[in-house]
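Let me begin by presenting the structure, written as structure tokens, before commenting on it.
Excluded from the calculations below are hydrogen atoms, water molecules and symmetry mates; all remaining heavy atoms, backbone and side chain alike, are included.
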Amino acid sequence: MDIPLSTIAVVGLGTMGTGIAEVLAGAGREVIGIDIDEIATAQAVAALEASTARAVERGRITEEERRGVLSRFRTFTDLQAAADADLVIEVVPESYDIKQQVLRALDGVVGPATILATGTNALSVTRLAADSAHPERVLGMHFFNPAPAMKLVEIVSSVLTAPTAVTAVTALARELGKEPVAVGDRPGFVADGLLFGYLNQAAAMYEAKYASREDIDAAMRLGCGLPMGPLALLDLIGVDTARTVLEAMYAASRDRLHAPAPVLRQLSEAGLTGRKSGRGFYTYEAPGSGTVVRDALTPLDRKPGGGTERGAVRSVGVAGSGTMASGIAEVFAKAGYVVVLAARSQEKADAAKARVAKSLNRSVDKGRLTGEARDDALTRITPAPSLDAFDEVDLAVEAVTEDLEVKRQLFAALDKVCKPGAVLATTTSSLPVVACARATTRPRDVIGMHFFNPAPAMKLVEVVRTVLTSDEVHATVREVCATIRKHPVDCGDRAGFIVNALLFPYLNNAVKMVQEHYATPDDIDAAMKLGGGYPMGPFELLDVVGLDVSLAIERVLHREFRDPGLAPAPLLEHLVAAGCLGRKTGRGFREYAARR
């Protein structure tokens, strides 16, 4: 039987509660806004007046529609105002004591058919429901901030929730123009369950001084296409809020990946909670401002090259014949470098150059490149059948298979062929750069240059220094990155560097959710795209990257950091063993039509 939800009370008129009220009133519902703080109720009304005025200015609604929205929003400071509500959504602070107090009070106010929804993103819905007089009508309705813009709503059922209540709020979410995802009761649910583990790892990475806050954030924006870096996102969410969510997740999972990084406690206790306080991981122009200002940790502007005496790089050798090698060769050739593209045979080298030509032709067809620029770039690339052609290059970049022994043998060969002073770079994404360096007699000249695929399009290069890499080589590679219009981020020589060390535990945790039958790949992908702003869901990305590649990287991370939480999910291992590797085999977490 359908349950009409025409009058809805929102308890707690902070940023989230006000946003939810705006969505509801805009969709024609009568909204009762309740907050014990009169200032909060006044601010909620002012916020709704301002947002609807902007909507009129932008032509999204008419002035008449605006008046209708405002008339449907009434505010009160007493829970008794919710007496006639069909649905009550509480978004009070994330505290069991506060939320249970509100729900118990509502039991004595609302009618027996009223649904009670908690907006928690961290606490147990089951525990909250169990303390209610009618646990069957309590469920979770987790909106994302800002509620008017974000499409995802997680509908959270406990073992006590009546199916009719779930059906009613799911229908409401769709009528509001949202995408409801049904999930079970566990801390963080889907989106925050995956997101906050990733944010926590980023905070720990920063705390360990492995990379600067700017480089961590730039790496995840440019390497994964995320709208914000993790540390900037923690400041936006609130460092204290993140700590609360992680503590709830850790209490339930005992997974060390969810144990809040100590820096989160230190910042929270110091009152440095992010944008709302004016300072968190970054410093802001004023409390509530999103404008970052320079502080003591802001890096000084570095001039390319750093004033070193090492000779300029004019010619580049690229070793390999695959997609990455040809992409890197294209990048250097378009930037004006003379490029030697070496493979194991002349035929393979010619095929790699042909792949570059095909890519350049596509750029010409799309108007991104002139025909003259294409011809100039191709003229600068010389295919060669062996590494012997690298005898005069200033920079040698290897892009061969991700096998340490193969790379060590290649670096031993480069050591013999390349002239003194040449920089030797590996594009490895997961192997120790120092192991390649030790295969040579000149480890000071060896560095990591981790390009991202497709190299011509992706702006990020992780510049990986070993303990043996010289300052001159590091400065030279940063200068080269500037010349080829890539964004370099500095990191040390440890498994995963920045991007993969943060990305693959997140992907692994998504697989564990499916393995535990908590949510489907479709729901998880939808949650991360709609709730986290990710360009691809984790299962879409796993199938694109290749499940075998993903498994190999996760094994490397687990082996290096020895954290049980990093152990690859058995489901991933089973799919790889079955030959289900993703798009390249036609089946991974999903099935794909055969390519013609």
Side-chain angles (χ1 to χ4, degrees), residues 194 197-198 200-202 204-205 208 210-211 215-216 219-220 223-224 230 255-257 320 322-324 398-411 425-439 446-453 460-469 489-512 515 538 541-577 580-582 584 588:
L194 294 177
Y198 150 70
N200 192 41
Q201 291 299 100
M205 179 181 283
Y210 175 67
D215 279 354
I216 291 171
M220 298 312 292
C224 295
D255 186 334
R256 282 167 50 192
L257 296 178
T323 303
M324 182 59 81
E398 71 78 14
V400 299
T401 184
E402 195 74 345
D403 181 292
L404 184 57
E405 189 52 39
V406 171
K407 289 185 185 292
R408 283 178 53 83
Q409 291 175 10
L410 186 143
F411 270 84
T426 172
T427 61
T428 183
S429 63
S430 59
L431 301 175
V433 177
V434 73
C436 298
R438 291 298 302 274
V446 179
I447 196 167
M449 286 184 76
H450 179 211
F451 289 80
F452 287 73
N453 200 23
L460 181 68
V461 175
E462 289 179 318
V463 178
V464 188
R465 296 187 68 166
T466 76
V467 292
L468 303 173
T469 305
V489 296
D490 289 331
C491 48
D493 184 21
R494 74 179 200 187
F497 311 135
I498 296 174
V499 173
N500 286 348
L502 296 178
L503 174 63
F504 281 90
Y506 150 77
L507 296 175
N508 197 41
N509 284 338
V511 177
K512 290 177 182 177
Q515 178 180 288
L541 184 56
L542 281 161
D543 279 355
V544 168
V545 171
L547 273 58
D548 52 339
V549 174
S550 302
L551 178 59
I553 293 173
E554 287 173 10
R555 283 173 172 166
V556 168
L557 292 172
H558 184 223
R559 185 164 59 246
E560 174 140 337
F561 295 107
R562 312 289 178 89
D563 189 327
L566 295 175
L571 175 59
L572 181 62
E573 294 184 308
H574 295 162
L575 287 169
V576 171
C580 302
L581 309 182
K584 60 189 174 185

List for me each residue that meets side-chain hydrogen bond (donor to acceptor under 3.5 Å, both in side chains) alongside N200, sequence neighbours excluded, and say none if there are none. none
Got a second to check how far E398's CD is from M324's CE, nearest 0.5 Å? 10.5 Å
Is the backbone of S430 close enough, under 3.5 Å, to the side chain of E402 for a donor and an acceptor to pair up by distance? yes
When rounded to the nearest 0.5 angstrom, what distance separates OG1 in T469 from CD1 in I447? 5.5 Å
Closest non-hydrogen atoms of V400 and V406, given as atom of the first, atom of the second and distance, are CG2-CG1, 4.1 Å
Kindly indicate whether the side chain of R438, heavy atoms from C-beta on, has any atom under 4.5 Å from the side chain of L468. yes
Could you tell me if the side chain of V467 sits less than 4.5 Å from the side chain of D493, heavy atoms only? no
To the nearest 0.5 Å, what is the distance between CG on L581 and CG on L575? 9.0 Å
For R555 and P568 the tightest heavy-atom approach is CG-CG, 3.8 Å
Quick one: salt bridge (Lys or Arg N to Asp or Glu O under 4.0 Å) partners of E462, sequence neighbours excluded? none
Nearest heavy-atom neighbours spanning A439 and F411: CB-CB, 4.3 Å
Report the residues that fulfil side-chain hydrogen bond (donor to acceptor under 3.5 Å, both in side chains) with S550, sequence neighbours left out, ordered by chain and then residue number. none
Taking the side chain as everything from C-beta on, heavy atoms only, tell me whether L542 gets closer than 4.5 Å to L547. yes
Roughly how far apart are K407 NZ and T426 OG1, rounded to 0.5 Å? 4.0 Å
Of all residues at least two apart in sequence or in a different chain, which pass the salt bridge (Lys or Arg N to Asp or Glu O under 4.0 Å) check with R494? none
With heavy-atom distances below 4.5 Å as the criterion, would you say the side chains of V489 and L460 are in contact? yes
Which heavy-atom pair separates Q515 from L571 by the least distance, and what is that distance? OE1-N, 2.9 Å
Taking salt bridge (Lys or Arg N to Asp or Glu O under 4.0 Å) as the test, write out the residues that go with E560, two or more places apart. none
So SG of C491 and NE2 of H450: to nearest 0.5 Å the spacing works out to 9.5 Å
Name all residues meeting the side-chain hydrogen bond (donor to acceptor under 3.5 Å, both in side chains) criterion together with T427; count only those two or more places apart in sequence or in a different chain, and write none if there are none. none
What closest approach, in Å, do G565 and D255 show between heavy atoms, and which atom pair accounts for it? CA-OD1, 3.7 Å
By ring pair (Phe, Tyr, Trp, His ring centres under 6.0 Å) - contacts of Y198 (at least two apart): none
Would you tabulate the side-chain donor-acceptor contacts of residues 498-510 under 3.5 Å, counting partners in other chains and residues two or more places apart, or write 'none'?
| residue | atom | partner | partner atom | Å |
| --- | --- | --- | --- | --- |
| N500 | ND2 | S429 | O | 3.4 |
| N508 | OD1 | A569 | N | 2.9 |
| N508 | ND2 | A567 | O | 2.9 |
| N509 | ND2 | P505 | O | 3.4 |

Looking only at non-hydrogen atoms, find the nearest pair between L404 and A435 and report the distance. CD1-CB, 3.8 Å
Measuring from R256:CZ to D563:CG, what's the distance to the nearest 0.5 Å? 4.0 Å
Listed by chain and number, what are the side-chain hydrogen bond (donor to acceptor under 3.5 Å, both in side chains) partners of D548, not counting sequence neighbours? K584
For R408, all residues meeting salt bridge (Lys or Arg N to Asp or Glu O under 4.0 Å), sequence neighbours excluded: none
Validation row: T428, F497 side chains within 4.5 angstrom (heavy atoms): yes
